[in-house]
Amino acid sequence: YPSPMTPMTPITPATPASESSGIVPQLQNIVSTVNLGCKLDLKTIALRARNAEYNPKRFAAVIMRIREPRTTALIFSSGKMVCTGAKSEEQSRLAARKYARVVQKLGFPAKFLDFKIQNMVGSCDVKFPIRLEGLVLTHQQFSSYEPELFPGLIYRMIKPRIVLLIFVSGKVVLTGAKVRAE
Amino acid sequence: MPGGGHCPDCGSTELVEDSHYSQSQLVCSDCGCVVTEGVLTTTFSDEGNLREVTYSRSTGENDQVSRSQQRGLRRVRDLCRVLQLPSTFEDTAVAYYQQAYRHSGIRAARLQKKEVLVGCCVLITCRQHNWPLTMGTVCALLYADLDVFSGTYMQIVKLLGLDVPSLCLADLVKTYCSSFRLFQASPSVPPKYVEDKEKMLSRTLQLVELADETWLVTGRRPLPVITAATFLAWQSLQPSHRLTCSLARFCKLANVDLPYPASSRLQELLSVLLRMAERLAWLQVLKLDKRSVVKHIGDLLQHRHTLVRKAFRDGTAEMEAGEKELRERCQGPEQGKEEVASSSLDLPEGKRPASPTPLLPPCMLKPPKRICPPPPVSTVTGDENISDSEIEQYLRTPQEIKDFEKAQAARQAARSVSNPP
């Protein structure tokens, strides 16, 4: 039988699995959220913790940092928390647990509910220069290249839903993933 | 009238309700005396049941063009006229503005954003007709910040689902070069500096094409490259009189703003020209530098396709070899594999007409600041035990808390002294 040809429409360019480049992006940042499940008094936290910053006029959350894993957390009075800066999903979870423990030791009945990875940022290098002006022509539906505003080309992939920042040097930043597989 | 009212004047019970200019009145039909008057105005509470739906949520908004939108549409037409755009552009830009206004996010936006939106609509129209209008020009005309413009532009392109073609470089060169005041003698432009417009345009275009081919344009703002190319084109057409003129002075007498990156682009373009000169037989012996090469730009451009091919080679393989070499060097003593061919990371010492340099964007030619070793594979599972001592390092001691509170109080006191209520 003649093998069925995947129609090459410009709308959904698909890369067959056999053409995988073998380049694995390196994770640079993970953003996760967790619900500590209780209301928090940010003034108390800022007073009694060494590693906390609280400037209510600028931002309505406490900014807390720990050394290992090296991360930053935004802790809100509602009890919700955002954890950023970890280099892997596991490190992000460990860091979030440590922040929760700090809050517990400060006297709040903190729990660890609905931990979720919200965003994963990775980077890689394809090791060859890229003609961005050519790429924006051939992949016009997914690309935005405005050198007057930003040196990189913004590629919004649909499947998986990832945004790539592609630079002339061949370096690529990938963001928007919720799981490593994406 | 039932109700037992009678006129205080004549005592009649024939009282009639009448409204005089929508003000309700109780009037005696016998003597005409006004017994009571209603209130002309209604209070906020009276109007309670007339306020069920706010204006912004009613359909009244869709029926009329709001004043804010009218102002915006006028601004769009004004901008098109200032830029002397064809009349068809005006209609397209106005249509885009109206389309944008249908979105609630735009209707509720700040005035600053609505002003910038005017520029965005005009810019998109120009781009779609290949009219070379830069964002810098639009921002200058609107006294807008490029950052604010950038945000609104990206938002509106996404919101309206528009396909905006890229800025056409060749058209921009023609428009931009024509704006240089160098084609006629004037008090500020000595006769030796006056140049023929067509000659300058043609040469500038060739230089810009050369810059594009040699990776000096991709990822960079377009205008500074064109400024540098225009300067070189102008200099090279009469080098004997013009080599002494600097880029800054050139822009000043041409009455054009000098964009900051232009000097950097100029140096890069000169480097490319020097590399090409090394491949031209009768120039090799002259041992040119960045000043003297300008005299030969005409020759270099004439043979530019061949020269670029000869002067540069495919940079990718060379780059990988160079990086591998650097990694080996970092790892330990020399492996004995001494690469004779210069790696891309070996900066040429002096001016040796060495093996061709790789044709790569300047950002790839600079040596990396440091080789980032791949991070050690993390064995964290996320479920590790967290020791109390580790957490306690982040908590203040009671003494620290007291000190901190004292310091805060002192600062408060100092503030209230310096700012008496």
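Chain letters run A, B, ... following the sequence lines, proteins first, then strands; residues in each count from 1.
Looking only at heavy-atom pairs under 4.5 Å with chain A, the residue among B:F404, B:F149, B:Y153 that has the most is B:Y153. Of the listed residues (B:Q408, B:M154, B:E392, B:E384), the greatest number of heavy-atom pairs within a distance under 4.5 Å of chain A belongs to B:E384. Ranking B:D212, B:D388, B:D147, B:L167 against chain A, the residue ahead of the rest is B:D388, based on heavy-atom pairs under 4.5 Å. Of the listed residues (A:R97, A:Q91, A:R93), the greatest number of heavy-atom pairs within a distance under 4.5 Å of chain B belongs to A:R97. Ranked by heavy-atom pairs under 4.5 Å with chain A, the first of B:P361, B:P165, B:P222 is B:P361. Note on B:D163, B:L223, B:L146: by heavy-atom pairs under 4.5 Å with chain A, the leading option is B:D163.
Atom NZ of A:K178 has more than 12 heavy atoms from other residues, nucleotides or ligands within 6.0 Å. Enclosure of atom NZ in A:K80 is not indicated, since only 12 or fewer non-hydrogen atoms of other residues, nucleotides or ligands lie within 6.0 angstrom. For A:N119, the CG atom is densely surrounded, since the number of other residues' heavy atoms within 6.0 Å is greater than 12.
Contact annotation for A:I130: only backbone heavy atoms (N, CA, C, O) come within less than 4.5 Å of a heavy atom of chain B. Contacts between A:L132 and chain B at a heavy-atom distance below 4.5 Å involve backbone atoms as well as side-chain atoms. Using a 4.5 Å cut-off between heavy atoms, A:V168 touches chain B through backbone and side chain atoms alike. For a residue to count as touching a neighbouring chain, one of its non-hydrogen atoms must lie under 4.5 Å from one of that chain's; by this rule A:R131 touches chain B with backbone and side chain alike. Contact of A:E146 with chain B is made through the side chain alone, with heavy-atom distances under 4.5 Å. The part of A:Q140 that comes within reach of chain B is its side chain, from C-beta onward, which places non-hydrogen atoms under 4.5 angstrom from that chain. The part of A:A46 that comes within reach of chain B is its backbone (N, CA, C, O), which places non-hydrogen atoms under 4.5 angstrom from that chain.
Taking every heavy atom of both residues into account, A:V136 and B:S166 meet most closely at CG1-OG, 3.8 Å. Here the closest heavy-atom approach between residue A:Y145 and residue B:G219 is recorded as OH-N, 2.7 Å. Here the shortest heavy-atom pairing between B:R396 and A:R50 reads CG-CG, 3.6 Å. Of all heavy-atom pairs between A:E90 and B:V380, the closest is CB-O, 3.2 Å.
Side chains of A:L94 and B:I386 form a contact here, defined as non-hydrogen atoms less than 4.5 Å apart. Within the 4.5 Å cutoff, side-chain heavy atoms of B:I391 are placed close to those of A:K98. Looking at heavy atoms from C-beta onward, B:M364 lies in side-chain contact with A:S169 at the 4.5 angstrom threshold.
Shown here are the side-chain hydrogen bond (donor to acceptor under 3.5 Å, both in side chains) partners of B:R220, two or more places apart in sequence or in another chain: B:E268.
Side-chain contact of B:Q393 with A:R67: a donor-acceptor pair under 3.5 Å is present, judged by distance alone. A donor and an acceptor atom, one from each side chain of A:E133 and B:T218, are located under 3.5 Å apart.
Atom-to-atom distance recorded for B:E400:CD and A:L47:CG is 11.0 Å, nearest 0.5 angstrom.
Formation of a donor-acceptor pair under 3.5 Å by the A:E148 side chain with backbone atoms of B:R221 is not found in this model.
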